[in-house]
Amino acid sequence: MSRPVTFLLLVIIVVFAVLQFFRPAKNVEPTGFKNILPPDLNASADVQNILEKSCFDCHSNHTNYPWYSEIQPVGWFLNKHISEGKEAFNFSEFKDFGPIRRRSKFESVLKQIQQDKMPLPAYIKLHPESKMNNQQKKIISQWIKVVNK
């Protein structure tokens, strides 16, 4: 290898190593996914399980991080997606929403699920278990329609 190529590879390796010391804060609550949904929403175990697998990692105050989140800049990329997801809709804050905001957010969730916009395709590729089948979509849709009256 020529000296410039060797030097460039060495610089890349050093920069990559230094990046590992700059990590974003984790989105982790000690209670995990417990008690995210307020009791008045009467979420069945099926609803809770579907939301945990498909929604809560990006749309709650708790994320179950995969191993690759420890590698920077991947961790920064994931943190950005989680922040954007929580900004759009955060199930952990749902208990603080008034009836009009709840209704609006539920309508948005329903639309996103029915149009296969959520979970994001990139998330599904890495987490195939998060993809909702038609039966799961039906369960969530029926639940939303009941609690969104």
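Numbers for residues simply follow the sequence, beginning at 1.
Partners of Glu84 under the side-chain hydrogen bond (donor to acceptor under 3.5 Å, both in side chains) rule, at least two apart in sequence or in another chain, are Lys80. Applying the ring pair (Phe, Tyr, Trp, His ring centres under 6.0 Å) rule to Tyr123 yields the partners His127; only residues at least two apart in sequence or on another chain are considered. Checked against salt bridge (Lys or Arg N to Asp or Glu O under 4.0 Å), Arg23 has the following partners two or more places apart in sequence or in another chain: Glu70. A search for side chain to side chain contact (heavy atoms under 4.5 Å, CB included) contacts involving Lys125 returns nothing, not counting sequence neighbours. Not counting sequence neighbours, the partners of Pro38 by the side chain to side chain contact (heavy atoms under 4.5 Å, CB included) test are Asp40, Leu41, Phe94, Lys95, Arg102. Here Tyr65 pairs with Lys26, Asn27, Val28, Thr63, Ser69, Ile82 under the side chain to side chain contact (heavy atoms under 4.5 Å, CB included) rule; sequence neighbours left out. With sequence neighbours excluded, the residues forming a side-chain hydrogen bond (donor to acceptor under 3.5 Å, both in side chains) with Gln72 are Trp76, listed by chain and number. Lys137 is linked by a side chain to side chain contact (heavy atoms under 4.5 Å, CB included) to Ile113, Asp116, Met132, Asn134, counting only residues two or more places apart in sequence or in another chain. In this structure, Gln135 has no side-chain hydrogen bond (donor to acceptor under 3.5 Å, both in side chains) partners at least two apart in sequence or on a different chain. Applying the side-chain hydrogen bond (donor to acceptor under 3.5 Å, both in side chains) rule to Asn42 yields no partners; only residues at least two apart in sequence or on another chain are considered.
Closest of all the heavy-atom pairs between Ile36 and Ser92 is CG2-N, 3.8 Å. Closest heavy-atom contact between Gly75 and Pro24: O-CG, 3.6 Å. Of all heavy-atom pairs spanning Ser141 and Leu110, the tightest one is OG-CD1, 3.2 Å. Nearest heavy atom pair, residue Ala43 against residue Leu37, reads CB-CD1, 3.6 Å.
Summarising the hydrophobic clusters (Ile, Leu, Val, Met, Phe, Trp, Tyr; side-chain heavy atoms under 4.5 Å, direct or chained), the residues clustered with Ile12 are Leu8. The hydrophobic cluster containing Leu78, built from Ile/Leu/Val/Met/Phe/Trp/Tyr side-chain heavy atoms closer than 4.5 Å, also comprises Phe16, Trp67, Tyr68, Ile71, Val74, Leu126.
Considering Asn90, Ile50, Asn64, Leu51 in turn, Leu51 is the only one that fulfils the side chain to side chain contact (heavy atoms under 4.5 Å, CB included) rule with Phe56.
His81 is listed as a side-chain neighbour of Leu120, based on a closest heavy-atom distance under 4.5 Å. A heavy-atom distance below 4.5 Å is not found between the side chains of Phe89 and Ser108. Between Gln48 and Asp46, the closest side-chain pair of non-hydrogen atoms is not below 4.5 Å.
Connection of Ile124 to Ile140 is not established within any shared hydrophobic cluster, with ILVMFWY side chains joined at heavy-atom distances below 4.5 Å, either directly or through further cluster members. Residue Val14 is grouped with residue Leu19 when hydrophobic side chains (ILVMFWY) are merged at heavy-atom distances under 4.5 angstrom, including chains of intermediate members. Under the 4.5 Å side-chain heavy-atom criterion for grouping Ile, Leu, Val, Met, Phe, Trp and Tyr, Val146 is not connected to Trp143 through any hydrophobic cluster. In the hydrophobic clustering of ILVMFWY residues, with side-chain heavy atoms under 4.5 Å counting as a link, Val11 and Phe22 come out together.
Heavy-atom neighbours of Lys53 NZ from other residues, nucleotides or ligands within 6.0 Å: at or below the threshold of 12.
Counting only distance, with no hydrogens or angles, the side chain of Gln136 and the backbone of Asn133 share a donor-acceptor pair below 3.5 Å. The backbone N or O of Phe33 sits nowhere less than 3.5 Å from a side-chain atom of His62 that would complete a donor-acceptor pair. With hydrogens and angles ignored, the 3.5 Å screen pairs no side-chain donor or acceptor of Ser104 with any backbone N or O of Ile100.
The line from NZ of Lys34 to CD of Glu52 is 10.5 Å long, rounded to the nearest 0.5 Å. Rounding to the nearest 0.5 Å gives a distance of 10.0 Å between NZ of Lys105 and CD of Glu93. Rounding to the nearest 0.5 Å gives a distance of 10.5 Å between SG of Cys58 and NZ of Lys86. Distance check, rounded to the nearest 0.5 Å: CD of Gln112 to CE of Met118 gives 5.0 Å. Taken from CD in Gln114 to CD1 in Ile144, the straight-line distance is 8.0 Å, to the nearest 0.5 Å.
The cationic group of Arg103 does not satisfy the cation-pi geometry with Phe106, failing either the under 6.0 Å distance to the six-membered ring centre or the 45° limit from the ring axis.
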